Amino acid sequence: MTTLHPWLQPTLTTVLATRGQCPHAIMLQGPAGLGLPDLAMALAHALLCDTPIASGEACGKCVACTWLAAGTHPDLVVLRPGDGDEDTGKKASTQIRIEAVRTLIETLALSPHHGGRRVVIIDPVDAMNTASANALLKLLEEPPPGNV
Ligand SMILES: [Zn+2]
C-alpha cells in the first residue's frame, strides 16, 4: 500500500466516500512537494483493490493489491514524461508526447483485465504538449466505460 502524508488523508477519505459515484476523471492540483502523486496512487490502489477495507482504502492483501505493490497491475496505467534510452542515445523527454496518449487511447479501447476497472494517472498533466493534450481531450469527453 502507498504511504500517504497525513495532510492528504482527509482528501482521500472524502473521495473514497463517493466510491459508488466515482467520476471518470479527478484533477489533483496543488504546489509541488505536497505529495499529490502519492494521493493519486492511493486512490488508484483503492479503486483497483478487490476487497477494500471499511474506509474504502486498499486492503493490501488481495491479488490486485499484490500486483499493485509489485508494480505489475495490468489495469493501472501511469503516463509520465518519457524516459531516455541509453542504447539508442535518445534523451529523456520533459513532455508527455502524443505517441504516449495514442498508446493510451488504444489501451483504453480494450476491456480492463481484472475487476472491470482501469485507472490512468497522468503525472504531471502539465507535462503534456498541445498535441497530446488535444488527443486526451476526446478521451475525457467520451471516456470508455470502466476507466478512471
Ligand atoms: Zn486489496
Side-chain angles (χ1 to χ4, degrees), residues 1-86 92-129 132-133 135-148:
M1 291 180 19
T2 303
T3 304
L4 195 61
H5 295 300
W7 55 85
L8 293 172
Q9 190 63 44
T11 303
L12 178 64
T13 302
T14 300
V15 174
L16 292 179
T18 64
R19 185 181 176 105
Q21 304 97 28
C22 186
H24 73 274
I26 301 170
M27 178 178 275
L28 304 175
Q29 181 182 7
L34 193 61
L36 294 177
D38 294 338
L39 176 60
M41 196 58 75
L43 282 168
H45 283 215
L47 292 171
L48 293 171
C49 175
D50 295 330
T51 55
I53 60 176
S55 66
E57 294 176 62
C59 72
K61 300 173 184 169
C62 68
V63 170
C65 285
T66 303
W67 290 343
L68 289 164
T72 58
H73 197 298
D75 296 325
L76 175 61
V77 180
V78 180
L79 279 190
R80 291 196 171 104
D83 295 327
D85 186 342
E86 291 181 16
S93 174
T94 58
Q95 296 182 342
I96 296 173
R97 297 178 189 265
I98 192 167
E99 294 82 10
V101 176
R102 287 182 178 145
T103 301
L104 173 66
I105 291 169
E106 291 173 8
T107 300
L108 298 190
L110 304 172
S111 298
H113 174 75
H114 179 83
R117 181 178 275 166
R118 181 183 294 115
V119 177
V120 178
I121 297 174
I122 302 173
D123 176 34
V125 76
D126 55 1
M128 300 179 80
N129 59 34
S132 58
L136 182 69
L137 188 58
K138 175 79 173 162
L139 200 58
L140 288 174
E141 289 173 344
E142 298 175 21
N147 291 287
V148 177

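As the structure is a prediction and not an experimental result, all values here were calculated from the model. Whatever order the structure lists them in is the order used to number ligands and atoms, beginning at 1.
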Under 2.8 Å from the Zn ion (ligand 1), how many protein N, O or S atoms can be found?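 That number is 4, waters not included.
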So do I121 and M41 actually touch side chain to side chain, heavy atoms under 4.5 Å?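 SC-SC contact between M41 and I121 confirmed.
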Within a strict 4.5 Å, meaning less than it, do heavy atoms of the W67 and L76 side chains meet?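 No, too far: nothing below the 4.5 Å cut-off.
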Could you list the donor-acceptor pairs under 3.5 angstrom formed between side-chain atoms of residues 105-116 and any protein atom two or more places apart in sequence or on another chain?
residue	atom	partner	partner atom	Å
T107	OG1	T103	O	2.9
H114	NE2	D50	OD1	3.0
H114	NE2	D50	OD2	3.0

Does a donor on one side chain sit under 3.5 Å from an acceptor on the other, for S93 and Q95?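 Result is no, nothing qualifies.
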Could you give the side-chain donor-acceptor pairs of residues 135-148 under 3.5 Å, partners two or more places apart or in another chain?
residue	atom	partner	partner atom	Å
K138	NZ	E142	OE2	3.3
N147	OD1	R118	NH1	2.9
N147	ND2	P144	O	3.2
N147	ND2	P145	O	3.4

Can you list the residues that meet the ring pair (Phe, Tyr, Trp, His ring centres under 6.0 Å) rule with H24, with sequence neighbours excluded?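 Checked H24 against ring pair (Phe, Tyr, Trp, His ring centres under 6.0 Å); zero matches.
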